[in-house]
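Below is one structure, written out as structure tokens; comments come after it.
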Protein chains: 2
Amino acid sequence: MSAVVKTKIRVILADDHPVVRDGLAAMVNQQADMEVVAEAGDGEEAIALYEQYRPDVMVLDLRMPKRDGVAVVQRVLELHPKACILIMTTYDGDEDIFQCLSQGAKGYLLKDAPRQEILSAIRAVSEDRPYTSSQVAAKALQRMGKPSLTQRELDVLQLVAEGRSNKDIARRLSITEGTAKTHVKAILTKLDAISRTEAVAVAHKRGLIHL
Amino acid sequence: MSAVVKTKIRVILADDHPVVRDGLAAMVNQQADMEVVAEAGDGEEAIALYEQYRPDVMVLDLRMPKRDGVAVVQRVLELHPKACILIMTTYDGDEDIFQCLSQGAKGYLLKDAPRQEILSAIRAVSEDRPYTSSQVAAKALQRMGKPSLTQRELDVLQLVAEGRSNKDIARRLSITEGTAKTHVKAILTKLDAISRTEAVAVAHKRGLIHL
DNA sequence: GCTGCGGTCCCCCATAAGATAGAGACTCGG
DNA sequence: CCGAGTCTCTATCTTATGGGGGACCGCAGC
């Protein structure tokens, strides 16, 4: 406990499952070169704790109550552009991956990653080196070239996914049925689907919507 | 380490995420009255390790590679009707819950449960007392009274969820389009949906299909 | 200025989907 | 043996959906 000890990598964990936090905390704290300094159970807590502790690395789950992972990434990087964020989630849709990485997250891993990979990802990210597993990188590349949906189209897509009819969608968005159809057509074209139900399936697979 | 130690509750963990296994293992092994004797990363391993160790409790995730949780519950209880299985998952669809409990799982918890609840659930199940959190129980009750789908309807539903047209479904199942429509109509009625897309949304929410 | 893009609106038209009703064959359990 | 449930098929009718266009406006950027 003296001169030999280099400064440890200070880690914040953000995940809404206590079990996962425990697992990560146990893994991290067993390492000589890193330690968990705080744990958050939802998005807002994650942001607040980041402010308070200014950790070297934040390990973040994508799906959390109050504010989802992408929003947390955005907000934290807005406040601290040099923040090192490692996404750790079960979602492997190309849209989620693309959003996080293009917004500046330094790494992205899936929860089924082995222990060693998780630890090396944390070390890499702490040194500002990006870390992305090969499968995840492949997904991110898939996303390249695919057309992206406008906000309005995403609004419509969400309603389509809930099973609403064009007429119903029009009513809810205060537009005409014709316009709703126009948006739906655009969605079908961009997602390369021939029916709305297929569009929902594709969108779900890609992570454009979370049912 | 002598006469005072009652026999510990022997636990097997089955989950495809190393992180979650670590978390649970850490929690369990910290307790004086229980210990983890084995960990499985997929369904088949879970069954094999149950055979090998005959634990007092098996903590089981529902979504796993090779064989899903429901199938594991079925198989293990077929071999050992007195097995005590605690489901621990993120899925809260009433169908999953209903299937597991009616097949004889002794408990069902969600992964966002606090540590204490998880530990008391393991203790309860180890003494053959059923444990189900109130939210989960509420879901199970919701399922009561709702009509269940026939196998054929589930086949059709799966294809509908993939975005197939009636004609396409008919071709794949070697039936006429009219018959496909009959099945779809039955599905809509049972799920209380107006359109196929809504049916998919409802079915997904209830856990009848996993996209 | 002009251009591109996004959002809104409109047309026509072919097809898919959903609602309704009836009916034969099969299995299973009372 | 008979009824209940399931799966299959039939036919008709109405409505919703999707494909193909074209058009206008407002706004940001070159």
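Quick note on labels: first sequence line is chain A, next is B, and so on, each numbered from 1. All heavy atoms count here, side chains included; hydrogens, waters and symmetry mates do not.
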Name the pairs: protein N/O against N/O of nucleotides 23-30 of chain C, kept only if under 3.5 Å.
none

I'd like to know if B/D61 and B/K111 make a salt bridge, using a cut-off of under 4.0 Å between side-chain N and carboxylate O. yes

Sidechain N-carboxylate O distance under 4.0 Å for A/R10, A/D56: no

Would you indicate, yes or no, if [N] has its OP1 or OP2 atom less than 4.0 angstrom from a side-chain nitrogen or oxygen of [X]?
X: A/K167; N: D/dA16; answer: yes
X: B/H183; N: D/dT8; answer: yes
X: A/T179; N: C/dG7; answer: no
X: B/T182; N: D/dC9; answer: no
X: A/N166; N: D/dT17; answer: yes
X: B/R152; N: D/dT8; answer: yes
X: B/K185; N: C/dA19; answer: yes

With DNA chain D as reference, determine whether B/T176 or B/K190 sits nearer its 5' end, using the nearest nucleotide of each. B/K190

Starting at [atom1] of [X] and ending at [atom2] of [N], how long is that distance when rounded to a whole Å?
X: B/D168; N: C/dT15; atom1: CG; atom2: P; answer: 17 Å
X: A/L188; N: C/dA16; atom1: CG; atom2: P; answer: 15 Å
X: B/K181; N: D/dT10; atom1: NZ; atom2: P; answer: 13 Å

Side chain of [X] (C-beta onward), nearest among [options]:
X: B/S165; options: C/dA16, D/dC9, D/dT17; answer: C/dA16
X: A/I175; options: D/dC9, C/dG18, C/dC9; answer: C/dC9
X: A/V184; options: C/dA17, D/dG18, D/dC9; answer: D/dG18

Result for side-chain contact (heavy atoms from CB on, under 4.5 Å) between A/V136 and one of A/D96, A/L109, A/L141, A/I97 points to A/I97

Could you go through the side-chain contact (heavy atoms from CB on, under 4.5 Å) check for B/L149 and B/V156 one step at a time? CA-CA 10 Å; B/L149 304 199; B/V156 172; over 6 Å; no

Look at all strands and tell whether B/G178 reaches a base, only sugar-phosphate, or nothing, counting heavy atoms closer than 4.0 Å. base

Please work out if A/S195 contacts a base, only the sugar-phosphate, or nothing of the nucleic acid, heavy-atom cut-off 4.0 Å. sugar-phosphate

Parallel, tilted or perpendicular: ring planes of A/Y50 versus A/H80, cut at 30 and 60 degrees: tilted

Measure the spacing between CG of B/L211 and CD of B/E162 and express it to the nearest 0.5 Å. 9.0 Å

At what distance, to the nearest 0.5 angstrom, does CG of B/D168 lie from CD1 of A/I194? 7.0 Å

